[in-house]
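Let me begin by presenting the structure, written as C-alpha cells, before commenting on it.
Letters A, B, ... mirror the listed sequences (proteins, then strands); counts begin at 1. Computed over heavy atoms, backbone and side chain alike; hydrogens, waters and symmetry mates excluded.
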Protein chains: 2
Amino acid sequence: MSLEERKEILRFPKATFERLKSYHALLTQLLLEEKREYVLSEEIAEMLRITPEQVRKDFSYLRSTGKPKLGYKVSELLDELDELFGTRETENIIIIGAGHLGKALANYKGFKNIGARVAAIFDNDPQKIGTMVGELMILPLKDIPRVMRRFRVRIAAICVPESAAQEVADMLVGYGIRAIWNFSSRILDVPNDVIVRNEDITRGLLGIKHMLAQESTEASKQVEIR
Amino acid sequence: MSLEERKEILRFPKATFERLKSYHALLTQLLLEEKREYVLSEEIAEMLRITPEQVRKDFSYLRSTGKPKLGYKVSELLDELDELFGTRETENIIIIGAGHLGKALANYKGFKNIGARVAAIFDNDPQKIGTMVGELMILPLKDIPRVMRRFRVRIAAICVPESAAQEVADMLVGYGIRAIWNFSSRILDVPNDVIVRNEDITRGLLGIKHMLAQESTEASKQVEIR
DNA sequence: GCTTATTCGTGAAAAATCTCACGTTATTTT
DNA sequence: AAAATAACGTGAGATTTTTCACGAATAAGC
C-alpha cells in the first residue's frame, strides 16, 4: 500500500510535476479567495500562460476528472494535490541566518498551506541572539543539533551571506541534514545524497532581462507576423 | 548586426538557456573566489549535478571552445555569457514593498554581477516612508511614475503581502511596466504583453519534500539496484 | 426527453531534449 | 618528435515532452 502510493508519485513526467506545483498554488488561491467551485482548463491555462491541452494532459495523470461544460472541481483537485505533495504531514524546517531574508522567511505565512513549519531560526550575531522574530527567538548556531534532534528536522534554509554559505552547509551536513534550501547565490558543494535546492534570485532576473531583449527583437517582426 | 546578435540569442534550446544561467553563476564564483583559469566539463557537471555531456553540448552553442586536457577557459566563457545576458548594460529596477523581503532584495549585493541596479524602493506605510534602506530612501507609492520615467524603469519587484499583490500589479501595469518580478505567492492576472516571473518560494519547498519522500522510497530499492 | 453546444480525455504525431559513442585534438610524457 | 592520454565536440539514436485532432460525455436549452 505504502509502496503503491509512492509508485504513483513516480509515474508523472517530471515536467508535469513542476506544473502541478503551480496548479496547487492557483487552486489554493481560487478556493480561498474566490470560493470557486469549478474551474475550466482554459481558465487555468490563461492564468499560468500555458495551453489548455497541457493542463488537461497534466490532470489526466491524476485520479480527478473534469466535467464537460463545468470543468474541474476545485476542492477535489486540490485534495488530490495536497495528498500528492504530502501537504498534510508537517515538516519542520530551520532557518540559518536572521538577516532580512531569514526574517522574511520566518514570517512567511504560506508554509502551513504546504505542510511546513519553521521550528527555529539561528544566527551567530550576539546582538541578535535572544531577540524575537514573530514568535521565534533567535538561537545561537550551537543549538542547531539539539533542535534538529528534537524536531526531527531534515530541511535547513540557508539565509546567510554568500561568504559564509559553504561553511554553514558543511556544518549542517555534519549534523546530518537531509536537504538544503539555499537562498544564497553561492553554489554549494555538498555530498550527493544531500538534496540541494537553489533559490538564487538572480536567475529570475536574468530570465526577465532576456525576455525583454527578445521582445524588442520581436517588435521588428510584428510587421510581418501580425 | 544588432539583428544578428539577437538571432544568436534565439538559437539556443530553451533548456540550454536555463542552464546557462547556472553556468554563469558558477563561473562567476570560480573566477572571483578561486581565480580558476580553466575548468573541466566534468567539474561543472558535478557541482550542478548534471552530466558532463550536457555541459559540453550546452557550450557547443556558444563561440567559446574548450581544450582537451585543460577544459574551458573560465574568463573566456564568462565574457561570452556576460555578453549574452547583457550583463554590461545596467537595468534599473524598482521594489514595491519595504518589508523584510523588500529590504533583503534592496540590500542584495549581487545585482551588479547581472547588470541590474535598484533605482528605488516604495511602501505605503507612513512610518516607513522617509527612512533608509542602505542608501535608498523609502518613497511613497505615488512617486512610482516619476521614478519610472526618470530611470527608464521596465522591471518592478513586488514584495508586498499576498492580499495587496494584485492591486499593486494593476497599478504598475497602468504605469506601463514591462515586467513584474513577483515575490508574493499570489498568481497575478496581468495583460499578456507584460512579462511575469514568479519567484514563489513554496515551490522550492514542495520540490524538496517530494524528493525526500522519493528518497525513502528509493531506499527500499537500493537492495536490488546497488 | 431530445438536441445542441461546449469542454473534457487521450492516442498519435511532432517537437524538443538528452544520452551515447566515438572521432578529433591538444597536452603531456618519453 | 612521436606516442599516449585525457578531454572536448558532435551526429545519431533514444527519450521525454508538447501539440494536435477528434471522439466522448454532459450540462443547458428547447
Side-chain angles (χ1 to χ4, degrees), chain A residues 7-23 26-27 30 36-81 207 210-211 214, chain B residues 7-23 26-27 30 36-81 207 210-211 214:
Chain A
K7 251 180 195 165
E8 206 167 278
I9 294 173
L10 291 172
R11 78 160 172 253
F12 305 109
K14 202 163 131 30
T16 290
F17 182 77
E18 287 307 306
R19 282 187 299 269
L20 288 178
K21 295 184 213 167
S22 303
Y23 302 141
L26 179 58
L27 292 169
L30 286 176
R36 281 285 286 281
E37 191 169 5
Y38 285 94
V39 64
L40 301 175
S41 63
E42 181 141 4
E43 296 174 293
I44 294 176
E46 200 198 323
M47 291 294 280
L48 301 179
R49 301 183 174 195
I50 55 181
T51 67
E53 293 84 3
Q54 183 79 81
V55 174
R56 294 204 300 274
K57 187 71 139 186
D58 286 337
F59 289 171
S60 77
Y61 294 103
L62 304 175
R63 288 188 307 273
S64 303
T65 142
K67 286 185 182 180
K69 297 252 205 176
L70 289 181
Y72 298 87
K73 189 157 194 181
V74 177
S75 60
E76 182 186 331
L77 214 40
L78 199 50
D79 275 349
E80 187 170 358
L81 289 177
H210 181 251
M211 282 189 275
Q214 263 197 327
Chain B
K7 251 180 194 165
E8 205 167 276
I9 293 172
L10 292 169
R11 79 159 172 257
F12 303 110
K14 203 164 128 33
T16 291
F17 182 77
E18 286 307 306
R19 282 187 299 270
L20 287 179
K21 296 184 211 165
S22 302
Y23 302 142
L26 179 57
L27 292 169
L30 284 176
R36 281 284 287 281
E37 190 168 6
Y38 286 94
V39 65
L40 302 176
S41 62
E42 180 142 6
E43 295 175 293
I44 294 176
E46 200 198 324
M47 291 292 281
L48 300 180
R49 301 184 174 193
I50 53 182
T51 67
E53 291 83 3
Q54 183 79 82
V55 174
R56 295 204 298 275
K57 187 72 139 188
D58 286 338
F59 289 170
S60 76
Y61 295 103
L62 303 176
R63 289 188 307 274
S64 304
T65 144
K67 285 186 184 182
K69 297 250 208 180
L70 289 180
Y72 298 87
K73 190 159 192 179
V74 177
S75 60
E76 183 187 329
L77 214 40
L78 198 50
D79 276 349
E80 188 171 355
L81 289 177
H210 181 251
M211 282 190 276
Q214 262 197 328

Measure from [atom1] on [X] to [atom2] on [N] and round the result to the nearest Å.
X	N	atom1	atom2	answer
B:Glu42	D:dC8	CD	P	8 Å
B:Arg63	D:dC8	CZ	P	20 Å
A:Phe59	C:dT10	CZ	P	14 Å
A:Leu62	C:dT10	CG	P	12 Å
B:Lys73	C:dT27	NZ	P	11 Å
A:Tyr38	C:dC8	OH	C1'	13 Å

So among A:Ile50, A:Leu48, A:Leu27, which one has a side chain to side chain contact (heavy atoms under 4.5 Å, CB included) with A:Ser22?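 The passing option is A:Leu48.
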Positive for side chain to side chain contact (heavy atoms under 4.5 Å, CB included) with A:Tyr23, one of A:Thr16, A:Leu62, A:Leu78, A:Val55: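 Testing A:Tyr23 for a side chain to side chain contact (heavy atoms under 4.5 Å, CB included) against A:Thr16, A:Leu62, A:Leu78, A:Val55 leaves exactly one candidate, A:Val55.
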Looking at B:Tyr72, I'd like to know whether one of its side-chain N or O atoms comes within less than 4.0 Å of OP1 or OP2 on D:dG9.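 Result: yes.
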Give a yes/no on whether any side-chain N or O of B:Ser60 is located under 4.0 angstrom from OP1 or OP2 of D:dG9.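 No, because none of the side-chain N or O atoms of B:Ser60 sits under 4.0 Å from OP1 or OP2 of D:dG9.
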Can you give one letter per nucleotide of nucleotides 17-27 of chain D, 5' to 3': B if a protein heavy atom sits under 4.0 Å from the base, S if only from the sugar-phosphate, - if neither? SSBBB---BSB
Report yes if the side chains of B:Arg36 and B:Glu43 come closer than 4.5 Å at any heavy-atom pair, otherwise no.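 The answer is yes, as the side chains (C-beta and beyond) meet within the 4.5 Å cut-off.
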Are side-chain heavy atoms of A:Ser41 and A:Tyr72 found at a separation under 4.5 Å?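 Yes, at least one pair of side-chain atoms sits under 4.5 Å.
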Rounded distance (nearest 0.5 Å) linking atom OH of B:Tyr38 with atom CD of B:Glu76: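 Separation between the atoms: 8.0 Å.
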Can you list every pair that meets salt bridge (charged side-chain N to carboxylate O under 4.0 Å, His left out) and has a residue in residues 44-56 of chain B, with sequence neighbours left out?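 Not a single pair qualifies under salt bridge (charged side-chain N to carboxylate O under 4.0 Å, His left out).
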